[in-house]
Each structure stands twice: as C-alpha cells, then as structure tokens.
Novice: 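Have a look at this one.
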Amino acid sequence: MTMQGPEGKALEGSVDSLITRSKDVQKSLQDFLHKIEQEHATLTWPSVLDNFALLSGQISSLLTAMKSDKTPPLRNYPVVPLKLSQDEDPHLLRLTDGRVSVMSHAEVPDYLRTKPDPEVELAEKQLIAEVGTQADQISMNQVNQFNKQCNKILEKIKNARANWRADVIQSSSTPVTHNPMATNELIATVNYGRGIKANSNQSLGTTSVVL
Amino acid sequence: MSGNPPPIKISLQSLSDTKIQEIAYDGRETFIQPLSMSESLTDLANRIDFLAENEDEETQTDDATSTSVDEAQYQAKQWPWENIRTQIQRSVIEMNVLTDVLSIAQNKPTNVPKETAESSDSNRYMMYDFASKEAEPSKQSLQMITKKRCLGAASKILLSGADRLNKAKSESSFQNTYHSELLKLRQRWRVRRVGEKILGELSFRTAGSDYWHMGSFEVIKKSDEDSDTLDDYEQNLTKLTPNVPKSPIKVVVSSDLRGFSSLSVQIMDLSKDEAIKSCTLSLSDIENSAMSSANDPLWHRVLCNAQNVLFCRELFARLSKEAVQQKTLGTASPIVVIGDTITTNIFPKIQLRVQLLFSKTHPTKRNPRQASIFSIQNALMHLLLRYFSKRLHISPPHPTTAALGLTTQMRHAAVHHNSLNQLAATAKKTTLSFVDVLITMSKHYEVRQRVCDTIKVLSNEFSDPDVLAHWSLASSKTESSARLTIANSGFESCYRSAVQVIVKPDCIKILQRDARSLTLSVDPTDLHNYFVSLVASHQLMTVQVLSRTLGWTMLHVSPHSSLGLTPDIKNRGSVLISSNNGAVSVAIACNEMIGGPIQYTTHVQYTKAHDRSQLEGTMYDDPDFSLESEKYLPLGGVWMKVNWPQLHGRHFIQKMETLLTSLVY
Amino acid sequence: MVEPANYQPLSGEIPSNVNVQEYFLQGSILDANADKLKQRLQGLCDNVPPEPFTDHEQIYFLKNATSMLPIIVKACKSLAKPSTPWQIKYVGATEVGEHNKPTMIRSCVTVAVSNDPAQFLDNLGFSLQSEVILKGYFYRKGRLQITVSKISVPPTATCDTSKLEASASSHLVEVNTTASPRDETAGDEVKNFCQLLRPAIVLNKVDHRKLQQWQ
C-alpha cells in the first residue's frame, strides 16, 4: 500500500514488460526442451543453434528491459510476502499457469530465496579469491588493456562486416526486366490494333470473290 | 525461598531393543542375544525362497531387459543432447520461478467472472515494498575475468572452425582436381545437376535424333579407396592407349551401352562362302583428332564408346525397321531380319549382310586383309546425318502465323495449282530410305567389280590388241563409267576403238562411237560376249582401214556370218578385200571356238591373173573369147590358206600388213 | 442428289470437326534485357540458329450483330521472304480459363492464300482496322513456337504515340502452340517452358477482355 503514484505506475509498467519478456524466454525454453525430448533422433545442429540463438535474443531483450531508463532501479523494490495460507487458490493457479496452487510456508522460502546454488556459490568464491589478491592499480591497468583490445577487435569485425555486406547487397537486388504496362500495350496493339490507325484506300473493284 | 533445591538425581535407562526371552521367577530377565552378523545373515538367507524369486525374475527379465534396453537406447540416443537437456531443464525451473514470483507480486487480476469479490489487495500474497538501497560498486576486475574467460571459450570455438576450413581449402590436390576434372567434363559433355546427383546426356537428341534411348549417365566422385578397380571393359579400354591419367571422376553409363560396337556390311559370295568385300562402320572412324587424343581420361573414352554404341544401334534400328517394311524389292530375294543381322540376296549367289556387332569386353577386330568399302560407310553416315538434320531443321514459317512443319514446297503447293503426279514426285523426293540406298550401292559396287574383273580377264586373254580401261573420276554412288580403248600397238593412228561403259546397279550400258547404245544385264557372260565381239570388230575394222591405206578395195564386210562348219565355232565377222589391180583377194574371218580362246582364221585367196600361157589349150584360148575379159581372169582362182605362224609380224595387224604388201608385189 | 452442306470432296475421310486451338502465353521484356532472353532461348530451344523474321500484319474487324465484340481476322505477310504466301488467321475470343488452366486458349484457323486478301475480306464485309510490322526472332522447341519481336508502324498507317510510349522500349514475347482441344498436355508444355524462362521474363495470362475494351 505504500506505492507512490507515478513511480508506482512506472514500476508496474516496467514489471509488466519484464513479465512478458521472461514469459517469452520461458516459453521458448519449454519448446526447446520438448523438442529435444521428442525429436532427439532427428535433431540437427543447425536447428539447435537456431533455438539457442532465439534464447539469447530473448535474454538480451530481457536484460535491456531491465537496464532501460524507464525502469526505476529495481534494487529499490524488494518483494515482501504479505499473506500465507494453506488453501488452494484458483486465482493463484491462473497467475502461475498451474504451477503454484498453494502459497504456504513451505513454498515461500523456496521461491524467495536469494542464495545461489552451491555450485554457483563455489565458483563465485573461487573467482573472488583469484581476484582479491591483486592490487587495485594493477587490476585497473588490466581492465583498461582489456577494454582497449576488445574495442580493437570490435572495430575489425565491423569493418569486415561492412565490406562483406557491400558485396552481398550489390548482387541481391533483382533488376527489373519488364514493364507490365508495356505488356498490355503491346498485346493490345498486336491483337486489336490499339493505337495504330490504318489509312486504308480500298478501291472497290470487281465484286467477284476469288476462292 | 533461598538457595537452590538440592539436585535430584534422575537415572535414565535406555530402551532395550532386545527381546526378552524369559523372565525367571526370581526376576532375572534373559535376553535374546541380538543376532550376530553371521547369524543374522543366515536368518535372512533362510527366508529367501530361491525358487520363487527365479520364476518371477524370468518373467520380469524379459520386460526388464526390454525396458532397460529401451532405456539404454533412450539414454544412448539422447547422449549427445544429454548435457543440453539437463541444462535446459534447470533453466526452465529457474525461469518458472522468476515468472511466478513476478506475476504473483504484480498480482494482475485475471479474467474470471465468478470471483469478482476478490480484490487484488485482500488476496495479495506479495508486493513490492520501497526501500532505497545504494548501488553496489561494480567489481570490474571480477567482471573482466569472467568476460575474458567467456570470450576465450567462444573464440576457441571460432578458431577451431576456421582452422578446419583452412585445412579443407588447402587439402590434398584430390579435391582440387575433382573440380577441375568436372569442369573439363562439362566442357565436352552435357551435364546438369539434379538434386544430389550429377547427370548427363550423351544421346543425339539435340542433333535431331528421335531414338528412344535416353543415353543418360551419372557422374560419381571417386574416393581414394576404390580408384583402382576397373572391370574388364575398362581394362580393355585402357589397353588401347596406355597413357590414361588417373582421375577422381567416375562415370556410370547404363549397362547396355558399355561395350564396343560397330556395324559391319559384308558382300558375300555364297558359292564360295566367303566375303568378297566388307566394311565396318563405327563413330570412331569419323572422329578427328581434335575431339580425342591419346591423353584422354578414362571417363571420356567410356562416354565416347557409349555414344558409338548408341550410334550403331540407332543406325541398325533404322535399317531393320525399313527392311521389315520394304515393299519394293530391287533384290533377288526378300530381306530377312534376324536378331542383329539383316541379309538379302542382291544377286543370285551374292548376299548382302549387315550385322550389328557388339561385344562387352573386346573391341571388334577389323580384318585387315579385307579391303573396306569406304563409300558405303560414308553413305550410311551421311544418310543418318541427313535424317537428323531434316528432323531438326524444319523450315520456319514465314510469316510466323503459318503452320509449323511444312516445307517451302508444301507451302507453295497449298496456294498454287498442282497435279497428283507433281505432289507424288515431291513426296518421293523428300523420303529417304536407308535400305534402298544400301542395296543400290552394294549392287553397284558388285557390278562394278564384275566389270573390272571381266576387263582384266579379257585384257589378259587378248594380248593382241591392247585393251585399256580408263575409269572416270566423275562417278556417283550409284553410277560409274569407264572408257575402253582398244588399239594395236604400232597402229594406233590407224584405227582405235573406243567405247564407254556405264555401270549402273541394275544394268550395264554401253555407248559406242557410232552413237549406238546397248544395255546389257549384269550377268558377267553378257559382258564377256560383248567384249569378245568388240575386240573382233575392232580387228576387222583395223584391217579395213589398213587395206584402204594400202590401196586395197573393200569388197564385202559382214559383221556376223552364220555359224561355222562345226557348231562349236562362232563367227565374229568377216571381210573380203581385193587388191588394186584386182589380182588378189583376201578373205578374213574371225572365229571363236566355244569354250576356247578366240582365234582368227584368215583365208587368203589370191588369184593371180592367169598367164596367157597357162590358158592355152583350154577352152579359154578360143579366139571367140575376147580378151576384154581380162577382168574375168581373176575369177576362178584357188583359195589358199595363209600360214599364219610363219608370217612375219608381231601381231595380227602387222602380219596382215606384211601379207597385203607382199601379195601385191 | 443434294449433298449435305458440309460435304468436303477433297478432304476424304478426315473428320471435319477437328478444331484447332491455340494455347499461348504472352509477356514483354525491356530492350536492354532482350539479348539475355535470346541467349537463354537459344540454349533451351531446338538446336538451330534463330530465324529472323519480319511480318506485316493487317487486322480486319467485322462488326458482329450478335455480340459486342467484333470478329477479328488477321492478314499476315512476310517481308523477309516475300515469295511465301499470305496467311489469313481467324482468332476467336481468348479464354483466360480458370486458375487451374495453365495457359490462355483461343480457337484459331489459319489458311494460306495466294494473293493479297484485302479485296476478298472487303467483299465479305471486313474493314481494315490497323496494321503493324513485327520484326524479331523466331524460336522453336518441339511443337512450341516462341517469338521475340518489336513493333513498328508501317508507312501506310498513322500511329498514336501517346498510347504506345511504354511499348516503344520493349519487346513482345509470345509462346504458343496449336493443338486440338482434347489435348491436355499442350498447355502444360507451354507453362513448363515459361517456367524455365524465369526470372528473366515472367510470362503470364493476360486478361484480354480489359484490353479489348480500351479501344
């Protein structure tokens, strides 16, 4: 109940878009899984790669939605549980596509946990351990160098792509080979004599018909 | 209350798990000792009913194995995707959670008419609360490390892919030559791509043929392993010319075109049962060096051979089709077509045989001793080409609205007056019959051979007058001519006979100098007879001319007297000449012994004028007989035969000359 | 004895109700691309060099009492080979047909005539409507006839250039074949051949009724 007006509207709107994007991702994941399970015999790498590409596109759109200027900083809005009940709630069912029927004290901790999986936590710890030992200055230098290299590579790729695109564009346009107006005119002229008037000087000679 | 109450001791006793065996009257409990390990094991073992379980297992193993096999297969099949599957499953779970949390917190009212009473607020499970939080500082080095690692992994994949491409590009020359060989193939043969396969066509359709055979072949890329397996056919092909470079392309031709084929035309003499002349025809005869050389790869040879087979088969098919339908016969017997042979007797005892030779493995050998009838070879080829071009080159309609397919003559015929004969003639001109041409040509060939032979025989027989035969260069495939000149050596300016012999397939025509033309049949005896009479008349004519130049007068010439005294002597002409002063007469008769050589019998009767003296005492000495009748003196002389062999002179005319000159003086 | 009206003494036993129909498709191509089309046609058609032709066509109309559309007869003369006879061609109405019919169909009758039929047609009641000269190349594949031609105006006629501006820089392409109406494969042949000419030129059915009304 403590929702400020315009901010609340902005939040709602952005959360809506987040919901739609995440639902897209979810759906494509499910389709992909279904595909693997059912058609694993006939699956080819190109189609798998297509699915992955789709997923990465959707995830990136989700991330952009999160990062966009319209969304207020999400870290300011923690999710707070209000009510717990043991009863089944059809409204809840509909909201969650049939996955959550009861919002009880058993589900809430699972759903609202922020601690990452053990493997993820372990990897994070290792990374922090690796990084933490370096001095700030060195790490700044490394970061700058890395950025420079990445920029250089990006430029190279862009140039190559521009060159490649130019060749492709030249040959892809289909030249116009005929003029449909001309077609109609030509046919009309040849078959029905449109546009040409004959100056016929026919002398009426003998009336006998030669067969 | 001061002080703590004193601690109370509580004693605890654990629950005993062991069962009580018995309780003695004095309260002592005897416990059943818990089973030791071995004992418990034996106890368990006793409970197992081995027999029963085995039965169950048997029925279950089948199902179990099948299910386990299925599962194993399932697992195996999925194995390539297993990783992906597990990862995706996990992400599905995570995403589900995310969407659920978000949507529950958002708590959008769903469209349900029944539960309108639920307001979002009262039923809300979660909501967003506002609590400002500072932004965390970004851990750049951490990000950098993770990004570096990810980029590294991605670039590794890209690099390996690029490596593979590079390797494939600069791979062994096998791949390169495959494409260059394919290009060469395409330069010489019509090839097109149909789906995954490369097919080509080697029939003569674009040249105008309408043979049913498709003549298609398939181009296959040879892998390294089976590059050396050539079957008999190909081995024989390679034996022909040893310089066959290996190529990565293999060509598969339909099996009925694999082999060597040629068409052979033979003229056989049935009485001797041997071929007089023969010729074999195949496409390779007309190949010029520009089309193929010794360095051609195997596929080219295979294709050329296949085309040759197709060509021979088509030609033979046309011939046999026409032969079966042939109505007008120019032959002595009907045309018989059996399998791959067409035979007919063009003259009695002379047979024309056309055969399609086909062998899977060996090239048809040409008998080098038999001379080749080049003209027939050429003619057949030309006929086929003409047929093709006639089919292809239909004169196009001018104007374009006219009907397609008519010849120019037909178009004009449509609007002008015609008679039935004219139409029939134009129709006849336009039809080509292969068999007709073949038969006429072979007949002509045969007749010409006969004429040639007869002339040779005769000129050998008659050493006396020189017989020269000069064959004209201007001849067609159905007609040729020769000019026979007969002259006596030394006396050419005296008299020369010349005769033109025109050889046609059905007859021999002779044109003589006096503008008479004779038509002889193709029977060699006819010609023989004629030549003999020609020679005889030449001799007699020469004698006439000679006598005229020497001043003798011709008394009587007869080209043919009656048969001689005996039936086996045929007379070929006789001449009676007398000398200037009438004193001597010479009679020459030319006789031919039947079955023998020609001989000239010359009877010379020379009557010298009777001496006056001789006449005294005879009735002629009467003074009543006035001797104005000196002219009668030559009459009544005695005919004397000339001793021919002892007469001086190389040949007949020379001897005649000697005789005539000697008789006068 | 009176013979029936359709007695044909010279035709013999040939049934006289064999109509001939023309199956055709038309299109046009810009002059610049006409060469490419010609090369493609040379590759696809029978192996003979293309035949240049120049035809002078005169179009005669006869007003029909029964229907709105006039009867059309074309008199064609070849200017390239003047000795060949004139041709008179009667074309019936063009049936575009349903969508499953591959080509346009019209009945046609072509007859060769010995002299200029102008007077003959005049006596029948036809009037000369217009004339046109077609100059181009003629290709043949089996029984298909393909013409690529350019229109020009003969000196004896006047031309309304405003109506012909677009066609001045285009060639007319027509693919046709004649067959009896019972022959079902002729249309498919034409259609398949036209498919091979794509995308250089797209030959389609053209609605002639609209064109006729543009007079």
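Letters A, B, ... mirror the listed sequences (proteins, then strands); counts begin at 1.
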Novice: Please output the residues of residues 21-28 of chain A in contact with chain B, using a heavy-atom cutoff of under 4.5 Å, in numerical order.
Specialist: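 Checking residues 21-28 of chain A against chain B gives Ser22(A), Lys23(A), Val25(A), Gln26(A).
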Novice: Quick one, Asn147(A) and Met144(B) - any side-chain contact, counting heavy atoms below 4.5 Å?
Specialist: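 No, every pair of side-chain atoms sits at 4.5 Å or beyond.
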Novice: To the nearest 0.5 Å, what is the distance between CG on Leu98(B) and CG on Leu18(A)?
Specialist: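 Output value for this atom pair is 8.5 Å.
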Novice: Any heavy-atom pair between the side chains of Thr99(B) and Ile19(A) that's under 4.5 Å?
Specialist: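 Not touching, per the 4.5 Å side-chain cut-off.
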Novice: Would you say the side chain of Gln142(A) lies within less than 4.5 Å of the side chain of Lys148(B), judging by non-hydrogen atoms?
Specialist: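 Counting from C-beta outward, Lys148(B) and Gln142(A) never come under 4.5 Å.
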Novice: Is it the side chain or the backbone of Glu94(B) that comes within 4.5 Å of chain A heavy atoms, both, or neither?
Specialist: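 For Glu94(B), the side chain is the part near chain A, not the backbone.
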Novice: Suppose we screen for salt bridge (charged side-chain N to carboxylate O under 4.0 Å, His left out). Which residues come up paired with Lys184(B), at least two apart in sequence or across chains?
Specialist: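 So Lys184(B) forms a salt bridge (charged side-chain N to carboxylate O under 4.0 Å, His left out) with Glu181(B).
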Novice: Would you say CD of Glu155(A) has more than 12 non-hydrogen atoms from neighbouring residues, nucleotides or ligands within 6.0 angstrom?
Specialist: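 Check fails, neighbour count at 12 or below.
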Novice: Kindly determine whether Ser91(B) and Leu55(A) satisfy side chain to side chain contact (heavy atoms under 4.5 Å, CB included), including the steps that lead there.
Specialist: CA-CA 11 Å; Ser91(B) 4; Leu55(A) 277 171; over 6 Å; no
Novice: To the nearest 0.5 Å, tell me how far Gln89(B) CD sits from Ile36(A) CD1.
Specialist: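 Here the interatomic distance stands at 9.5 Å.
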Novice: With a 4.5 Å heavy-atom cut-off, do Ile145(B) and Phe146(A) have their side chains touching?
Specialist: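 No; the side chains remain at least 4.5 Å from each other.
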Novice: Would you say Arg186(B) has more than 12 foreign heavy atoms packed within less than 6.0 Å of its CZ?
Specialist: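 No, because the 6.0 Å sphere around CZ of Arg186(B) holds 12 heavy atoms or fewer from other groups.
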